[in-house]
Amino acid sequence: MEITLNGEPRAIAATMTVLELLAQEGLGERRVAVEVNGEIVPRSRHGEHALASGDRIEIVHALGGG
């Protein structure tokens with residue numbers, strides 16, 4: 001199916017959760033915020049939130065510094 005990930009068109013598997021997408025992108029262990037169609041998906045729901053064709057996903061990395 002087709003989604004938009006951080007502004008770029010992307011083809012992904014027909015059934016995928018936010019958690020699976022993060023793992024595919026190499027972000028499974030990273031602290032990130034995920035927004036799907038303008039709404040934040042809490043980390044506790046990443047494994048159950050199924051993506052749909054046409055979804056717009058934004059992934060933001062948490063940066064630390066000093």
Side-chain angles (χ1 to χ4, degrees):
M1 74 180 150
E2 296 289 325
I3 62 168
T4 302
L5 178 60
N6 291 346
E8 300 289 328
R10 181 74 60 95
I12 62 170
T15 58
M16 186 171 279
T17 65
V18 169
L19 186 63
E20 291 167 331
L21 177 64
L22 291 172
Q24 177 178 293
E25 295 297 311
L27 300 170
E29 301 300 318
R30 303 278 306 266
R31 293 183 59 90
V32 296
V34 180
E35 183 179 279
V36 178
N37 301 323
E39 294 193 23
I40 296 290
V41 177
R43 185 179 184 105
S44 63
R45 296 202 55 233
H46 286 181
E48 63 192 50
H49 188 100
L51 299 174
S53 186
D55 278 352
R56 299 185 65 82
I57 297 102
E58 296 290 329
I59 300 174
V60 180
H61 303 262
L63 298 176

*Between Thr17 and Leu51, which heavy-atom pair has the shortest distance, and what is it?*
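It is O-CD1, 4.1 Å.
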What distance separates [X] [atom1] from [Y] [atom2], expressed to the nearest 0.5 Å?
X     : Y     : atom1 : atom2 : value
Arg56 : Thr4  : CZ    : OG1   : 4.5 Å
Glu35 : Asp55 : CD    : CG    : 11.5 Å
Asn37 : Ile57 : CG    : CD1   : 7.0 Å

Does any part of the side chain of [Y], heavy atoms only, come nearer than 4.5 Å to the side chain of [X], both counted from C-beta?
X     : Y     : value
Ile12 : Met1  : yes
Leu27 : His61 : yes
Leu21 : Val34 : no
Glu39 : His49 : no

*Could you check Leu5 against Glu25 for side chain to side chain contact (heavy atoms under 4.5 Å, CB included), going step by step and ending with a plain yes or no?*
CA-CA 10 Å; Leu5 178 60; Glu25 295 297 311; 3.8 Å; yes
*Report whether Val36 and Leu19 are members of the same hydrophobic cluster (ILVMFWY, side-chain heavy atoms less than 4.5 Å apart, transitive linking).*
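Different clusters.
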